Amino acid sequence: MTDEFIQPLLAWYDENKRILPWRDKHNAYYTWVSEIMLQQTRVEAVKPYFERFIRELPDIPALAVCPEEKLLKLWEGLGYYSRVRNMQLAAREMVEKYNGRLPEDFSLLISLKGIGSYTAGAIASIAYGIPVPAVDGNVFRVVTRMTEDSEDITRPAFRKKTESALQEIIPKDRPGDFNQAMMELGAVVCVPNGQPKCDLCPVRGFCQAGLHGTMEKFPVKAPKKPRVVEERTVLVIQDGSCTAIRKRPPKGLLAGLYELPNTEGYLNREEALEYVKELGAEPLYIEELPEARHIFSHIEWRMKAYRIRVSSLEQTHIPGILFADKKESERNYAIPSAFGAYEKYM
DNA sequence: AAGGCGGGGTG
DNA sequence: CACCCAGCCTT
């Protein structure tokens, strides 16, 4: 039974797998970097980031010693920035304990920062041929449709159950290809958001949902909490060609990235001018900028904004605030997409 | 078990 | 608009 399922799946994968910059390279570092980038992030978004990251940091020792600002700059716009901080922590541990290499062992891999059950399985199987499953969102979708399983996939217990089931059938000669085939199937055939392409599926004969036409009922997930709306005021404070930016705190949302000074709530012109004075600058004039909105996974920012020209920036040294011209900030400072609407005013 | 943590694609 | 994406960490 398992062979009847696995052989067509692997044959389909051999014929139809996408060419990806990290695929079939026999380089565990590439596998690791790509898997971290691919967490909650689409293949097309990852491609250019991966190429640049490998070019700048070609191996684990290079990653281990990379300055924070450069690291964040390489991740700018990808989101979930703790991924790259954790990756550097793991790289340093590999330099110290594993001769600068990824350990060839599932338990050691999963003990590293930022490497969980899925990523450890992916690296172990793809890079080292170790027969362990790698269960991501694609695999959840494929498996729950195949079996018409209505259990909530967000429950940790369901992940364990799925991993155990796949551990039993994973082919020991091609574990990495099997895991990638399951994910590839989920990504291009057994797709989310609407009708899957069951006519293209190599294993449709084994799929209960396909046979019953219930594909879109799976997978079942518990509803998410609604987003919190936050009103903020963003300030583009500038003198000539320089604009004020500041580094965000080391923990929490957008940790360690740079931002335009901004504050909770909607400020009117007078309050905005007062805010700038408190920062230690002398405002010359103020101009209202268009409103903007940014959606995070759990927060929505609704932003009002002002451009405020000030005099003698060089005389203002506010703790934590620095002034940079557009080129300088583009080159050296990672600024998240949330401020994208105001970049043109910098 | 639940919540924090980005950004963008898609129907 | 809602949903989801090659998830992990902290509490």
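On a predicted model such as this, the values are computed, not experimentally measured, just so you know. Lettering follows sequence order; numbering is per chain, from 1.
Rounding to whole angstrom units, CD1 of residue Ile36(A) and P of dG7(B) are separated by 18 Å. Separating the OH atom of Tyr81(A) from the P atom of dG7(B) is a distance of 4 Å, rounded to the nearest angstrom. Following rounding to the nearest Å, Glu76(A) (CD) and dG6(B) (C1') show an atom-to-atom distance of 13 Å. Separating the NZ atom of Lys47(A) from the P atom of dG8(B) is a distance of 18 Å, rounded to the nearest angstrom. Summarising the geometry, the separation between CE on Met183(A) and P on dG7(C) is reported as 9 Å, rounded to the nearest angstrom. The nearest whole Å value for the distance from the CG atom in Leu89(A) to the P atom in dC9(C) is 11 Å. Here dC3(C) presents its C1' atom at 9 Å from CZ of Arg42(A), a figure rounded to the nearest Å. Put simply, NZ on Lys224(A) is 9 Å from P on dC5(C), counting in whole angstrom units.
Candidate nucleotides dG7(C), dC4(C), dT10(C) were compared by shortest atom distance to the side chain of Lys113(A), and dT10(C) ranks first. Minimum atom distance to the side chain of Asn193(A) is reached by dG9(B), of the listed dA6(C), dG9(B), dG7(B). Looking at the side chain of Gln40(A), the nearest of the listed nucleotides dG6(B), dA6(C), dC5(B) is dG6(B). Nearest to the side chain of Asn86(A), among dC4(C), dG7(C), dC9(C), sits dC9(C). Closest approach to the Phe296(A) side chain among dG7(B), dC4(C), dA6(C) is made by dG7(B) (side chain taken as heavy atoms from C-beta onward). Among the nucleotides dG7(C), dC9(C), dG8(B), the one closest to the side chain of Tyr118(A) is dG7(C). Comparing dA1(B), dC5(B), dA6(C) against the side chain of Leu253(A) picks out dC5(B) as the nearest. For Lys221(A), whose side chain is taken as the heavy atoms from C-beta onward, the closest listed nucleotide among dC5(C), dG7(C), dG6(B) is dC5(C).
Remark on DNA chain B: of its neighbouring residues Arg155(A) and Gly79(A), the 5'-side contact belongs to Arg155(A), judged by nearest-heavy-atom nucleotide. Across the interface with DNA chain C, nearest-nucleotide mapping of Leu112(A) and Glu35(A) shows Glu35(A) to be the residue nearer the 5′ end. Place Gly252(A) and Pro156(A) on DNA chain B by their nearest nucleotides, and Pro156(A) ends up nearer the 5' end.
Within 4.0 Å (heavy atoms only), Leu20(A) reaches at least one base atom of the nucleic acid. Across all strands shown, Tyr80(A) has heavy atoms under 4.0 Å from base atoms, whether or not it also approaches the sugar-phosphate. Thr154(A) comes within 4.0 angstrom of nothing in the nucleic acid, heavy atoms only. Within 4.0 Å (heavy atoms only), Arg141(A) reaches sugar-phosphate atoms of the nucleic acid but no base atom. Contacts of Gly186(A) with the nucleic acid, taken as non-hydrogen atoms under 4.0 Å apart, are absent. Within 4.0 Å (heavy atoms only), Lys225(A) reaches sugar-phosphate atoms of the nucleic acid but no base atom. Across all strands shown, Gly116(A) has heavy atoms under 4.0 Å from sugar-phosphate atoms exclusively, and none from any base. When heavy atoms are screened at a 4.0 angstrom cut-off, Ser34(A) is found touching no nucleic acid atom at all. Within the 4.0 angstrom heavy-atom criterion, base atoms lie near Arg18(A). Leu78(A) comes within 4.0 angstrom of a base, heavy atoms only.
On the P atoms, dA6(C) is 25 Å away from dG3(B), given to the nearest whole Å. One C1' atom belongs to dG8(B), the other to dC9(C), and the distance between them is 23 Å to the nearest Å. Atom name C1', nucleotides dG7(B) and dT10(C): the rounded distance is 22 Å, in whole Å.
Contact check, Ser297(A) against dG4(B): no side-chain N or O comes under 4.0 Å of OP1 or OP2. OP1 or OP2 of dG7(B) has at least one side-chain nitrogen or oxygen of His294(A) nearer than 4.0 Å. Listed pair His298(A) / dG4(B) fails the phosphate criterion, with no side-chain N or O lying under 4.0 Å from OP1 or OP2.
For the pair Arg302(A) and Glu291(A), the salt-bridge criterion is not met [side-chain N within less than 4.0 Å of a carboxylate O].
Side chain of Tyr342(A) to backbone of Ala292(A): a donor-acceptor contact under 3.5 angstrom is found.
Between Phe296(A) and His294(A), the ring planes lie perpendicular to each other; the angle is over 60°, past the 30° to 60° tilted range.
Smallest separation of non-hydrogen atoms from Gly121(A) and Asn179(A): O-ND2, 4.2 Å.
Lys197(A) NZ: 12 or fewer foreign heavy atoms inside a 6.0 Å radius. Under a cut-off of 6.0 angstrom, the local environment of CZ in Arg101(A) is sparse, with at most 12 non-hydrogen atoms contributed by other residues, nucleotides or ligands.
Between the base of dC8(C) and the side chain of Arg83(A) there is no donor-acceptor pair shorter than 3.5 Å.
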Please report the C-alpha distance between Lys247(A) and Glu68(A) in whole Å, then the side-chain angles of each, then the deciding distance to 0.1 Å, and finally whether the side-chain contact (heavy atoms from CB on, under 4.5 Å) criterion is met.
CA-CA 12 Å; Lys247(A) 191 171 172 65; Glu68(A) 181 192 13; 3.7 Å; yes
Checking side chain to side chain donor-acceptor pair (under 3.5 Å) for the pair Tyr118(A)/Glu35(A): CA distance, chi angles, key distance, verdict?
CA-CA 9 Å; Tyr118(A) 162 73; Glu35(A) 292 300 345; 2.5 Å; yes
